[in-house]
Amino acid sequence: MLLLTVPDEFSFSQTLAYLSVSSAECMYQMKDKKLYKLLKIDDIDLLIEISNPTQNVLQISFINQPKIMNEKIELKVTKYIQDWFDLDRDLVPFYQMAAHDPILSKIAKQFYGLRNIGMPSLFEALCWAIIGQQINLSFAYTLKRRFVETFGKSITWQDQKYWLFPTSGQIASLSIDDLTALKMTKKKAEYLIGVASLIESTELSKSALLDLMVQKGEKEAEKQLVKIRGIGPWTANYVMMRCLRASSAFPIDDVGLQNAMKFALGLDQKPTKDEIKTWSINWANWESYATFYLWRTLY
DNA sequence: CTCCAGGTCCATT
DNA sequence: AATGGACATGGA
């Protein structure tokens, strides 16, 4: 068992509410206000249970391997949770900005304590973004589930299956037909295998992208990502938001963002790109949080 | 039946 | 540089 102190501006109930929206999600389970997820740490399959026993504390229990814990594993699990829930970020400036923003003021209060729930694995984030390109979300979840259940690995604990996302090595070795069999487009199949191969060859890595962001800024990381076939501006910014934690990542082409702004502003039609740029001027350096909160209003 | 989904690539102007 | 079609499927 492991206890993790969390900031005041964090709400576990908001986190659970967000995570339960995607009912078709296959990478975690929820029961009795506890969250369950299978992690692979140092080649060990660890099923963790996350609960919120008291204010400002998360409790992490190791369910399937209670005896294997050691400090090294504990530290890695802690890092994972901090990354997943974006716990290291100071949200005070975001809420200060949002309080004066015509679009964000209401939803910042409504979802107070919600953090940008991430995808610590670069490969998983890229796959999820590519799978979700141009199709409705429910179909995207269907495709993701097929992808995971066909090529991923699982353990069973008390009659419930817990999945690990397929590795880049597994996907890099597939043929196009293996993936089109799941009913995704041929191009998506090519993109997924291509990205998997780049990660396998270490030409593409999360650490290198994070370094690039520190050294040369977030725009440079976006440029690198967009060079890759299958990654356009939307996918690059989506992955920078959910995985690289780039505060100014802004998937401005996103139809969900457009719809959320349409509803928030009571418009008759979706705002244009230029209108979105104008409305988002105040969000500078918090675009990713603004987007995340706006998406949250859609369901 | 038609239109649109958490877009991107590619061919054509 | 800008524009339009193709793409797989499913829900409204």
Side-chain angles (χ1 to χ4, degrees), chain A residues 18-27 103 107 111 114 116-119 122 124-150 174-198 204 222-246 248-264 267-276 279-280 283 287-299:
Chain A
Y18 166 79
L19 290 171
S20 57
V21 163
S22 0
S23 53
E25 177 60 60
C26 56
M27 297 310 295
I103 295 177
I107 59 182
F111 301 113
L114 177 66
N116 178 351
I117 307 302
M119 291 191 170
L122 175 65
E124 181 178 342
L126 282 165
C127 289
W128 174 228
I130 289 168
I131 286 171
Q133 287 171 1
Q134 171 54 25
I135 56 176
N136 62 66
L137 259 179
S138 67
F139 183 42
Y141 278 114
T142 302
L143 283 181
K144 174 173 160 180
R145 178 178 289 275
R146 281 181 199 151
F147 183 78
V148 169
E149 295 185 351
T150 306
L174 298 179
S175 67
I176 306 290
D177 290 346
D178 293 328
L179 287 172
T180 54
L182 308 184
K183 307 301 181 189
M184 60 178 75
T185 60
K186 194 178 172 188
K187 272 187 180 171
K188 275 188 192 181
E190 292 169 1
Y191 302 161
L192 290 172
I193 293 170
V195 162
S197 306
L198 284 175
L204 177 61
E222 180 183 350
K223 278 186 191 169
Q224 285 295 318
L225 283 166
V226 169
K227 284 181 190 167
I228 298 166
R229 185 160 179 272
I231 301 181
W234 177 86
T235 303
N237 279 276
Y238 183 92
V239 168
M240 290 170 67
M241 243 183 98
R242 302 295 302 277
C243 181
L244 305 180
R245 304 316 202 155
S248 68
F250 194 28
I252 196 166
D253 310 295
D254 183 83
V255 70
L257 175 69
Q258 295 162 13
N259 280 325
M261 291 187 69
K262 176 186 159 188
F263 297 137
L267 306 175
D268 291 331
Q269 43 196 326
K270 289 183 283 190
T272 64
K273 207 166 169 172
D274 283 339
E275 286 169 327
I276 294 178
W279 283 108
S280 63
W283 306 346
E287 288 90 343
S288 69
Y289 259 84
T291 302
F292 195 77
Y293 269 64
L294 278 162
W295 278 343
R296 183 65 185 83
T297 66
L298 292 173
Y299 23 74

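Sequence lines set the chain letters: A, B, ... in the order given, protein chains first and strands last, and positions in each chain run from 1.
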Strictly distance-based, threshold 3.5 Å: is any side-chain N or O of A/Tyr191 a donor or acceptor partner for the main-chain N or O of A/Ile231?
no
For the backbone of A/Gln133 and the side chain of A/Lys188, can you confirm whether one donor and one acceptor N or O come within less than 3.5 Å of each other?
yes
Check every strand shown and say whether A/Lys188 touches a base, only sugar-phosphate, or nothing at a heavy-atom separation below 4.0 Å.
nothing
A/Asp253 CG to B/dC9 P, straight-line distance once rounded to whole Å
12 Å
Rounded to the Å, how far apart are A/Gln133 CD and B/dG7 P?
8 Å
Reckon A/Thr235 touches a base, only the sugar-phosphate, or nothing at all at heavy-atom distances under 4.0 Å?
sugar-phosphate
Of A/Val226 and A/Gly132, whose closest DNA chain B nucleotide lies nearer the 5' terminus?
A/Gly132
Keeping A/Arg242 on the side-chain end and A/Ala125 on the backbone end, is there a donor-acceptor pair under 3.5 Å?
no
Base, sugar-phosphate, or nothing: which does A/Pro233 touch, judged by heavy atoms less than 4.0 Å apart?
sugar-phosphate
For the residue pair A/Asn136 / A/Ser138, report whether a side-chain donor-acceptor contact shorter than 3.5 Å exists.
yes
Donor-acceptor pair, side chain of A/Asp178 and main chain of A/Ser175, under 3.5 angstrom:
yes
Is there a Watson-Crick or G-U wobble partner for C/dA12 with both distances under 3.5 Å, and if so, which one is it?
B/dT2
Closest of B/dA5, B/dT8, B/dC9 to the A/Arg229 side chain is B/dC9
ring-ring contact (aromatic ring centres under 6.0 Å, His included) filter on A/Phe111, not counting sequence neighbours, yields none
Which class fits the ring pair A/Phe250 and A/Trp283: parallel under 30°, tilted 30 to 60°, perpendicular over 60°?
perpendicular
Under a 4.0 Å heavy-atom criterion, DNA chain C is touched by chain A from C/dC7 to C/dG11
Quick one: on DNA chain C, does A/Gln134 or A/Ser138 contact a more 5' nucleotide (nearest heavy atom)?
A/Gln134
Please tell me if A/Lys186 has a side-chain N or O lying less than 4.0 Å from either OP1 or OP2 of B/dC9.
no
Residue whose closest nucleotide on DNA chain B lies nearer the 5' end, A/Lys187 versus A/Asn136
A/Asn136
Check the distance between B/dA5's P and A/Tyr299's OH and give it to me in whole angstrom.
16 Å
Pick base, sugar-phosphate or nothing for A/Ile228, based on heavy-atom distances below 4.0 Å to the nucleic acid.
sugar-phosphate
Ignoring hydrogens and geometry, is there a side-chain-to-backbone donor-acceptor pair from A/Asn259 to A/Leu298 under 3.5 Å?
no
Atom CG of A/Leu143 and atom C1' of B/dG7 are separated, to the nearest Å, by 14 Å
In whole angstroms, the gap separating P of B/dG7 from CZ of A/Phe250 amounts to 14 Å
Provide, to the nearest angstrom, the distance between the CG atom belonging to A/Leu137 and the P atom belonging to B/dA5.
12 Å
Which whole-number value in Å describes the distance from A/Leu225 CG to B/dC9 P?
12 Å
Gap between atoms CD1 and P, on A/Ile131 and B/dT8 respectively (whole Å):
14 Å
Would you classify A/Ile231 as touching base, sugar-phosphate or nothing, given that sugar-phosphate means primed atoms plus P, OP1 and OP2, and contacts are heavy atoms under 4.0 Å?
sugar-phosphate
For C/dG10 and B/dT8, measure between their P atoms and round to the nearest Å.
22 Å
